[in-house]
Colleague: 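Following this message is one structure expressed as structure tokens.
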Amino acid sequence: MTTTHLKLTGRSASHFTRVARMIAHELAVPIEFEIIHDLMGLDPAPYGGHPALKLPTLHVAGAPVFGTDHICRTLAALAGRATDPRVVLGSDDALVRNAQELVWHAMAAQVQLVVGVQIAKLPADNPFFAKAAAGLRGALAWLETHHDELDAALPTPRDVSLYEVTLFCLLEHLAFRPTVALDDLPRLRAFAAAYATRPSAIATQFQFDPKP
């Protein structure tokens with residue numbers, strides 16, 4: 001385990017940030033958490049220097065690591081578990097790869113809907129947001145249909161998988177900041193309820209950060 005100082009810049013209400021925080025918790029990697037208070041700001045500095053004004057950013061001894069997937073792989077390497085078969089950060093299985101792609105897409109669509117409709121107050125029936133919502137519902141329906149197959153396709157035994165963490169954070173965020181309904185997704189809702197009992201999930205629950 002590295003003793004390098006690690007700082008994660010993000011928000012407690014962000015599902016991308018929560019994925020990184022949960023992976024750090026699962027791998028027992030201590031991180032300092034720095035909060036971004038203004039999502040509408042156009043200065044990269046509060047985003048941890050992220051030039052695209054995105055979150056989260058991991059700082060490893062002051063050097064930035066951009067992107068949630070990159071951050072999680074960096075945390076695994078720092079924990080000495082980058083090649084541990086019980087830490088599943090990717091897969092050679094086509095079904096799992098398709099599922100991970102759909103989860104990343106759905107997470108991005110959720111950001112578009114929350115920022116565009118709920119925060120910026122733009123019309124939800126705008127074709128841009130209507131398509132984002134339709135794509136999000138389509139991705140969730142596919143994940144619901146293939147949930148049991150995906151569970152069987154993931155390596156066993158496993159301590160943690162990036163796919164399951166990202167799926168859980170997506171589903172929890174859809175409950176936290178509702179944009180599309182989860183009523184017709186019983187398998188996914190059951191999965192999320194079970195995963196919510198993990199210590200990493202309990203330690204990183206969504207909340208709105210207090211203003212400074």
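Index from 1, following the sequence.
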Colleague: Indicate if Leu174 and Phe206 have the same hydrophobic cluster label, given that clusters are the connected sets of ILVMFWY residues with side-chain heavy-atom separations under 4.5 angstrom.
Modeller: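 Shared cluster, no.
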Colleague: Does atom CG (Asn98) have a neighbourhood of more than 12 heavy atoms from anything else shown, all under 6.0 Å?
Modeller: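 Counting neighbours around CG of Asn98, more than 12 heavy atoms of other residues, nucleotides or ligands fall under 6.0 Å, so yes.
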Colleague: How long is the straight-line distance from OG1 of Thr204 back to CE of Met22, given to the nearest 0.5 Å?
Modeller: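 Going from CE on Met22 over to OG1 on Thr204, the span is 5.0 Å.
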Colleague: Which atoms form the tightest heavy-atom contact between Pro157 and Arg86, and what is the distance?
Modeller: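 Heavy-atom minimum between the residues: CG-NH1, 3.3 Å.
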Colleague: Side chains of Asp151 and Glu164: closer than 4.5 Å at any heavy-atom pair?
Modeller: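 Yes, side chains in contact.
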Colleague: Just verifying a value: how many Å separate Ile31 CD1 and Lys7 NZ, rounded to the nearest 0.5 Å?
Modeller: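 These two atoms lie 12.0 Å from each other.
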Colleague: How long is the span from the CD1 atom in Ile36 to the OG atom in Ser14, to the nearest 0.5 Å?
Modeller: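 Between atom CD1 of Ile36 and atom OG of Ser14 there are 8.0 Å.
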Colleague: Just so I know, are the side chains of Pro30 and Leu6 near enough to count as touching, which here means a heavy-atom distance under 4.5 Å?
Modeller: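 When only atoms from C-beta onward are counted, Leu6 and Pro30 do not touch, as no gap falls below 4.5 Å.
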Colleague: Less than 4.0 Å between a side-chain N and a carboxylate O, is that true for Asp159 and Arg198?
Modeller: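 Salt bridge between Arg198 and Asp159, a charged N being under 4.0 Å from a carboxylate O: no.
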Colleague: Do Val114 and Met40 share a hydrophobic cluster (ILVMFWY, side-chain heavy atoms under 4.5 Å, transitive)?
Modeller: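 Yes, Val114 and Met40 fall within the same hydrophobic cluster.
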Colleague: Leu39 and Leu55: side chain to side chain contact (heavy atoms under 4.5 Å, CB included), yes or no, with the steps?
Modeller: CA-CA 9 Å; Leu39 276 183; Leu55 64 152; 3.8 Å; yes
Colleague: How many angstroms lie between atom CZ of Arg187 and atom CG of Leu143, to the nearest 0.5 angstrom?
Modeller: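 Output value for this atom pair is 12.0 Å.
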Colleague: Grab the two heavy atoms, one from Val60 and one from Leu58, that are nearest each other, plus how far apart they are.
Modeller: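 Nearest pair, atom of Val60 first, then Leu58: CG2-CD2, 3.8 Å.
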Colleague: Measuring from Ile23:CD1 to Arg73:CZ, what's the distance to the nearest 0.5 Å?
Modeller: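 One gets 10.5 Å once the value is rounded to the nearest 0.5 Å.
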Colleague: Does some side-chain heavy atom of Glu144 sit less than 4.5 Å from a side-chain heavy atom of Pro186?
Modeller: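 Side-chain contact under 4.5 Å: yes.
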Colleague: Just to verify, which of Arg21, Arg18, Glu26, His25 counts as forming a side chain to side chain donor-acceptor pair (under 3.5 Å) with Ser200?
Modeller: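 Result: among Arg21, Arg18, Glu26, His25, Glu26 is the only option passing the side chain to side chain donor-acceptor pair (under 3.5 Å) with Ser200.
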Colleague: Give the minimum heavy-atom separation between Phe208 and Arg177, together with the two atoms involved.
Modeller: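 Closest pair (atom of Phe208, atom of Arg177, distance): CE2-NH1, 3.2 Å.
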Colleague: Taking it one step at a time, do Val111 and Phe16 satisfy side chain to side chain contact (heavy atoms under 4.5 Å, CB included)?
Modeller: CA-CA 10 Å; Val111 171; Phe16 284 102; 3.8 Å; yes
Colleague: If only atom types and distance count, is the side chain of Tyr47 paired as donor or acceptor with the main-chain N or O of Thr9 below 3.5 Å?
Modeller: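 No; judged by distance alone, with no hydrogens or angles, the pair does not exist.
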Colleague: Do you reckon Val103 sits in the same ILVMFWY cluster as Phe176, going by side-chain contacts under 4.5 Å, direct or chained?
Modeller: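 No: no chain of side-chain contacts under 4.5 Å links Val103 to Phe176.
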Colleague: Could you measure the distance from the CD atom of Glu149 to the CG atom of Leu154? Nearest 0.5 Å is fine.
Modeller: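 Spacing of CD (Glu149) from CG (Leu154) equals 12.0 Å.
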Colleague: Specify the closest pair of heavy atoms between Leu170 and His15, including all atoms of both residues, with the distance to one decimal.
Modeller: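 Smallest heavy-atom distance, with atoms named: CA-CD2, 4.3 Å.
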Colleague: Which pairs of donor and acceptor atoms, one on a side chain in residues 119-137, lie under 3.5 Å apart (sequence neighbours left out)?
Modeller:
residue, atom, partner, partner atom, Å
Lys121, NZ, Gln118, O, 3.0
Asn126, OD1, Phe128, N, 2.8

Colleague: For Cys72 and Val19, which heavy atoms make the closest approach, and how far apart are they?
Modeller: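 Scanning both residues, the minimum pair turns out to be SG-CG1, 3.9 Å.
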Colleague: Hydrophobic clusters here meaning ILVMFWY residues chained together by side-chain heavy-atom distances under 4.5 Å, can you tell me if Phe66 and Ile71 are in one?
Modeller: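 No, Phe66 does not connect to Ile71 through the hydrophobic network.
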Colleague: Between Phe168 and Phe191, what is the shortest heavy-atom contact and its length?
Modeller: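 Closest approach of Phe168 to Phe191: N-CE2, 3.8 Å.
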Colleague: Considering residues, nucleotides and ligands other than Leu42, do more than 12 of their heavy atoms fall under 6.0 Å from its CG?
Modeller: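 No.
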Colleague: Decide side chain to side chain contact (heavy atoms under 4.5 Å, CB included) for Glu172 and Gln205; before the verdict, give the C-alpha distance in whole Å, the side-chain angles of both, and the deciding distance to 0.1 Å.
Modeller: CA-CA 9 Å; Glu172 284 264 296; Gln205 294 181 49; 5.7 Å; no
Colleague: Counting C-beta onward and ignoring hydrogens, is there a side-chain heavy-atom pair between Asp69 and Leu162 closer than 4.5 Å?
Modeller: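 Touching, per the 4.5 Å side-chain cut-off.
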Colleague: Given side chain to side chain contact (heavy atoms under 4.5 Å, CB included), test Leu171 with Leu140 step by step and report yes or no.
Modeller: CA-CA 9 Å; Leu171 295 170; Leu140 289 168; 4.1 Å; yes
Colleague: Can you list everything that forms a salt bridge (Lys or Arg N to Asp or Glu O under 4.0 Å) with Arg189? Sequence neighbours excluded, please.
Modeller: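 If we apply the salt bridge (Lys or Arg N to Asp or Glu O under 4.0 Å) test to Arg189, skipping adjacent residues, there are no hits.
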